[in-house]
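The next block holds one structure in the form of structure tokens; read it before the comments.
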Number of protein chains: 2
Amino acid sequence: MNSLFKALDDPTRRQILEMLKEKDMTAGDIADAFTISKPSISHHLDLLRQANLVISIKEGQFVRYSLNTTVFDELIGWVIGLSEKKSAKKKTTKSK
Amino acid sequence: MNSLFKALDDPTRRQILEMLKEKDMTAGDIADAFTISKPSISHHLDLLRQANLVISIKEGQFVRYSLNTTVFDELIGWVIGLSEKKSAKKKTTKSK
DNA sequence: TGTATAATTAGACAAACATCTAAATATTAT
DNA sequence: ATAATATTTAGATGTTTGTCTAATTATACA
């Protein structure tokens with residue numbers, strides 16, 4: 001959960017996710033979309049991978065990155081959990 | 001959006017949100033739940049307020065903090081937007 | 001086998017961040 | 001008015017983070 005929020009707390013990384021939403025891309029193609037250096041992008045991709053937000057597959061000399069949407073379930077679950085505020089307080093005891 | 005992700009990228013701040021989910025609390029009560037200093041908690045509360053995740057109301061000499069769930073809609077919208085991956089690509093042109 | 005291309009790793013550096021103590025502000029009570 | 005309590009602001013400090021260049025690893029091609 002920590003690595004997830006950390007990964008999302010950066011505009012470059014969020015932009016990468018939005019690019020990958022459209023189509024899979026190689027590390028080089030992703031880097032070309034930005035003005036920052038390739039190693040920096042590589043580092044961003046590493047953090048996204050650690051958070052399980054992307055999956056990387058080596059294809060010959062290239063590495064193809066794709067969005068992993070499964071993590072979003074966890075994120076949405078967390079947000080919804082918080083949204084269920086104190087209003088309409090439920091008993092913890094099971095109702096018969 | 002940036003301030004939102006930044007605010008969520010800290011375990012202490014997320015824990016504060018979960019406490020406020022249960023009930024409103026004063027700054028002091030929140031600080032008492034942690035081992036870190038009051039000024040540090042005050043700073044965390046400031047970031048949460050900047051992100052609109054909490055609302056603060058001064059009540060006499062106390063400041064009562066409460067969770068603001070409206071921002072979660074925006075967050076969930078963002079996540080769902082990303083989840084709608086490339087599969088089943090839709091035309092941008094309106095269907096008649 | 002050597003060279004070009006793709007990507008990552010290593011190490012350095014400045015900016016941002018979490019934390020602290022001390023001081024300031026605001027409110028309540030004596 | 002003075003003292004006590006609640007909270008924030010100011011300023012300092014160590015750590016984490018984003019970025020860079022240079023070097024390394026791995027694959028493809030000629």
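First the proteins, then the strands, lettered A, B, ... as listed; each starts at 1.
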With a 4.0 Å limit, can you tell me whether B:Ser40 has a side-chain N or O closer than that to the phosphate oxygens OP1/OP2 of C:dC20?
yes

Can any side-chain N or O of A:Ser83 pair as donor or acceptor with the backbone N or O of A:Val79 at less than 3.5 Å?
yes

If we check side chain to side chain contact (heavy atoms under 4.5 Å, CB included) with A:Tyr65, which of these qualifies: A:Ile30, A:Asp24, A:Ile16?
A:Ile30

Nearest to side-chain heavy atoms of B:His44, which nucleotide of C:dT8, C:dT19, D:dC20
C:dT19

B:Asp9 and B:Lys6 ion-paired at < 4.0 Å
no

For B:Gly28 and for A:Leu47, locate the closest nucleotide of DNA chain D by heavy-atom distance; then report the residue assigned to the nucleotide nearer the 5' terminus.
B:Gly28

Round to a whole Å and report the spacing from CG of B:Leu45 to P of D:dA6.
16 Å

Test side chain to side chain donor-acceptor pair (under 3.5 Å) on B:Arg64 and B:Thr26 and set out the steps.
CA-CA 4 Å; B:Arg64 192 183 70 204; B:Thr26 67; over 6 Å; no

Establish, with yes or no, whether the OP1 or OP2 oxygen of C:dA6 is under 4.0 angstrom from a side-chain nitrogen or oxygen of A:Tyr65.
no

B:Val63 side chain: which of D:dG18, C:dT9, D:dT7 is closest?
D:dT7

Integer-rounded Å distance: D:dT15 P and B:Ile36 CD1
17 Å

Closest to the side chain of B:Lys6, out of C:dC17, D:dT7, C:dT9, is C:dC17

Send over the distance from B:Asp9 CG to D:dT16 P, rounded to a whole Å.
13 Å

Does a nitrogen or oxygen in the side chain of A:Thr26 sit under 4.0 Å from OP1 or OP2 of C:dA7?
yes

Contact list (N/O, under 3.5 angstrom) for nucleotides 26-30 of chain C vs protein:
unit_1	atom_1	unit_2	atom_2	d
C:dA26	O3'	B:Lys58	NZ	3.4
C:dT27	O3'	B:Gln61	N	3.4
C:dT27	O2	B:Gln61	NE2	3.4

Strictly distance-based, threshold 3.5 Å: is any side-chain N or O of A:Asn68 a donor or acceptor partner for the main-chain N or O of A:Asn52?
yes

In whole angstrom, give the distance that lies between atom CG of B:Leu8 and atom C1' of C:dC17.
16 Å

For B:Gln50, the option from B:Leu47, B:Leu48, B:Val54 that meets side chain to side chain contact (heavy atoms under 4.5 Å, CB included):
B:Leu47

Please give, in whole Å, the distance from D:dA10 P to B:Asp46 CG?
11 Å

Which whole-number value in Å describes the distance from A:Asp32 CG to C:dT5 P?
14 Å

Give the nucleotide from the list D:dC20, D:dA10, D:dG18 with an atom nearest to the side chain of A:Arg13.
D:dG18

Output yes when at least one side-chain N/O atom of B:His43 is less than 4.0 Å from OP1 or OP2 of D:dT7, else no.
no

Residues passing the side-chain hydrogen bond (donor to acceptor under 3.5 Å, both in side chains) test with A:His44, sequence neighbours excluded, are A:Arg13

Can the ring centres of A:Phe5 and A:Trp78 be said to be less than 6.0 Å apart?
yes

Taking CG from A:Asp10 and C1' from D:dT17, how many angstroms apart are they, rounded to a whole number?
9 Å

Roughly how many Å is it from CD1 in B:Ile41 to C1' in C:dT21, rounded to a whole number?
16 Å

What nucleotide among C:dT8, D:dT8, C:dT19 has an atom nearest to a side-chain atom of B:Lys38?
D:dT8

Are OP1 or OP2 of C:dC20 and a side-chain N or O of B:Ser37 less than 4.0 angstrom apart?
yes

